[in-house]
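Per chain, numbering begins at 1; letters A, B, ... match sequence-line order.
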Protein chains: 2
Amino acid sequence: MPRAGLNQQTVVREAARLADEVGYGQLTLAALASRLGVALPSLYKHVRGADALSQKLSALATAELATELTTAAAGRAGGDALRAMADAYRDYARRHPGRYPATQRVPDPADPEHVVAGERAVGAIFAVLRGYGLSGDDAVDATRALRSALHGFVSLEAGGGFGLPRDVDRSYHQMVAGLDASFRRWPGADQPGRGGAGLAGAGEWSYPSARD
Amino acid sequence: MPRAGLNQQTVVREAARLADEVGYGQLTLAALASRLGVALPSLYKHVRGADALSQKLSALATAELATELTTAAAGRAGGDALRAMADAYRDYARRHPGRYPATQRVPDPADPEHVVAGERAVGAIFAVLRGYGLSGDDAVDATRALRSALHGFVSLEAGGGFGLPRDVDRSYHQMVAGLDASFRRWPGADQPGRGGAGLAGAGEWSYPSARD
DNA sequence: CGAGCTTGGCTAATGAGGTTAGCTTCCTGG
DNA sequence: CCAGGAAGCTAACCTCATTAGCCAAGCTCG
């Protein structure tokens, strides 16, 4: 029996590919094992179990998303940055329909890479909002509003929640335009010098104590 | 053996209660049967299976949500109506953490009550937006933005996605204030006479052809 | 009243998926 | 070269969903 030569990274990466193909809810250890050409219990040499695989997938997907958001916003400011980031967000969700839902899982405090990925994602959003002069509590509120709108839209879209023929792209752009207008008038906007940068938003992606 | 006296309605209602207690993802035919004091296969006399139960639960929850949204908006207009409806939406999601996720399932075209519930829910949102002078495509865009923001917020909140100490109620109210401001300046706002009322929004809650 | 049918319960059996235990074999470091 | 850890495997068991088929409760109607 030649060995398959797996390790945790190859397993998690294949899980991500499989999830994109069959859907996050249909990601199963059995299907993953057969895709990797090993027996199901062999996977336990690389991941602790189904839940741990989900968590690692979440870390991977969150890191990817954070990178794409950061890249999209780089070199842009204000409405430009917002639109670019919003497009990147929806784009990621559509290109990776199986990974995207994994990004909504709360980071595991015991997995530093996962925690850092969440912080990078929120950090990218914070950075865009700083372009509107937002910081501190106002930026937290704005971040929540932005994440809510983007996540809500892409998850409704993915779930088939938009039935009417009206162009979905147009609706998205209109929503983002509304967000841009709101942030320009947001409490605290364009009142610089109210808060520092640095680890802005650290901890906001997750709420570890809410785990059950 | 005395009979348990179940019927579809009692089964679905108990499923709703159970889902609220243990979580939508933990709703299982086995747990439901034991809660109802019958053997698992007995449930098949009342529901076709696990998926059909989810669908019926979705119909129930969507109808409840539609009623609460409609009630909240009744007798109010503009920003008042928007705020009341937004509060009702979040309130429902928090009081019924197990039913709420079920409302995101696409209505089953074969279940008229389910379809009607979805139409009532979107209709309530449309009615509020009419108070901003919105109709037609502009109202569709605005409905999508509103649903996205509300759904995104409550699902991030339920998932523990808000980690920082900043008051979540305050963030929600700020987001709703932003939506109010956006709708007042929305394309088409306060330009009446552009579209009719009636079955406005019918079909928007669902996208049956997207089912797989 | 009671014969019989419909119905709502049951047990048994099957199958998918996850998990654990414990065995074997590859292959690398000393 | 060979010892031991790592990476496979099979077997066994658990939970849950589903289907088949049996049986009795209790209603309907002669």
Side-chain angles (χ1 to χ4, degrees), chain A residues 1-60 98-99 101-102 105 108 110-111 211-212, chain B residues 1-60 98-99 101-102 105 108 110-111 211-212:
Chain A
M1 304 278 128
R3 296 202 172 178
L6 303 180
N7 56 42
Q8 188 174 77
Q9 198 170 69
T10 59
V11 168
V12 174
R13 281 217 255 256
E14 192 61 33
R17 266 180 242 123
L18 179 57
D20 282 340
E21 288 176 28
V22 304
Y24 183 67
Q26 278 61 53
L27 175 60
T28 178
L29 290 183
L32 181 57
S34 109
R35 151 95 61 130
L36 288 167
V38 298
L40 196 160
S42 303
L43 294 178
Y44 283 77
K45 297 293 179 178
H46 307 291
V47 292
R48 286 175 176 283
D51 189 67
L53 177 66
S54 288
Q55 183 267 309
K56 290 294 182 190
L57 176 58
S58 175
L60 170 71
R99 300 175 204 215
R105 183 184 169 120
D108 178 358
D111 181 350
R211 303 295 302 278
D212 56 318
Chain B
M1 304 278 127
R3 297 200 171 180
L6 302 180
N7 57 43
Q8 190 176 74
Q9 198 170 69
T10 58
V11 168
V12 173
R13 280 217 256 257
E14 192 62 32
R17 267 180 242 123
L18 180 58
D20 283 339
E21 288 176 28
V22 305
Y24 183 68
Q26 278 60 55
L27 176 59
T28 178
L29 290 184
L32 180 57
S34 108
R35 152 93 62 130
L36 289 168
V38 298
L40 195 161
S42 303
L43 294 179
Y44 284 76
K45 298 293 179 175
H46 307 291
V47 293
R48 286 175 176 283
D51 189 66
L53 178 66
S54 287
Q55 182 267 309
K56 289 295 182 189
L57 176 58
S58 175
L60 170 71
R99 300 174 203 213
R105 182 183 170 120
D108 178 359
D111 181 351
R211 304 296 303 278
D212 57 316

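- The shortest side-chain heavy-atom distance between B:R17 and B:R99 falls under the 4.5 Å cut-off.
- Taking side-chain N and O atoms only, B:S42 has no distance below 4.0 Å to OP1 or OP2 of C:dG8.
- In this structure, A:D111 and A:K56 have side chains that are in contact, with non-hydrogen atoms separated by less than 4.5 Å.
- Rounded to whole angstrom, the span from the CD atom of B:Q26 across to the P atom of D:dC16 amounts to 11 Å.
- How far CG of B:L43 is from CG of B:L53: 8.0 Å, rounded to the nearest 0.5 Å.
- Residues forming a side-chain contact (heavy atoms from CB on, under 4.5 Å) with A:A31 (at least two apart in sequence, or on another chain): A:L18, A:T28.
- The shortest heavy-atom contact between B:L29 and B:G49 is CD1-C, 4.3 Å.
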Once each nucleotide of nucleotides 16-22 of chain C is scored for protein heavy atoms under 4.0 Å, what B/S/- sequence comes out, 5' to 3'? -SSBB--
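- Contact between B:H46 and B:N7 at its shortest, heavy atoms only, is ND1-CA, 3.6 Å.
- Residues of residues 6-15 of chain B that place a heavy atom closer than 4.0 Å to DNA chain C, in numerical order, are B:L6.
- Separation of atoms CG (A:L27) and CD (A:E21) is listed at 11.0 Å; rounding is to 0.5 Å.
- The side chain of A:H46 places no N or O atom within less than 4.0 Å of a non-bridging phosphate oxygen (OP1 or OP2) of D:dA6.
- The number of heavy atoms from other shown groups lying within 6.0 Å of CZ (A:R35) is above 12.
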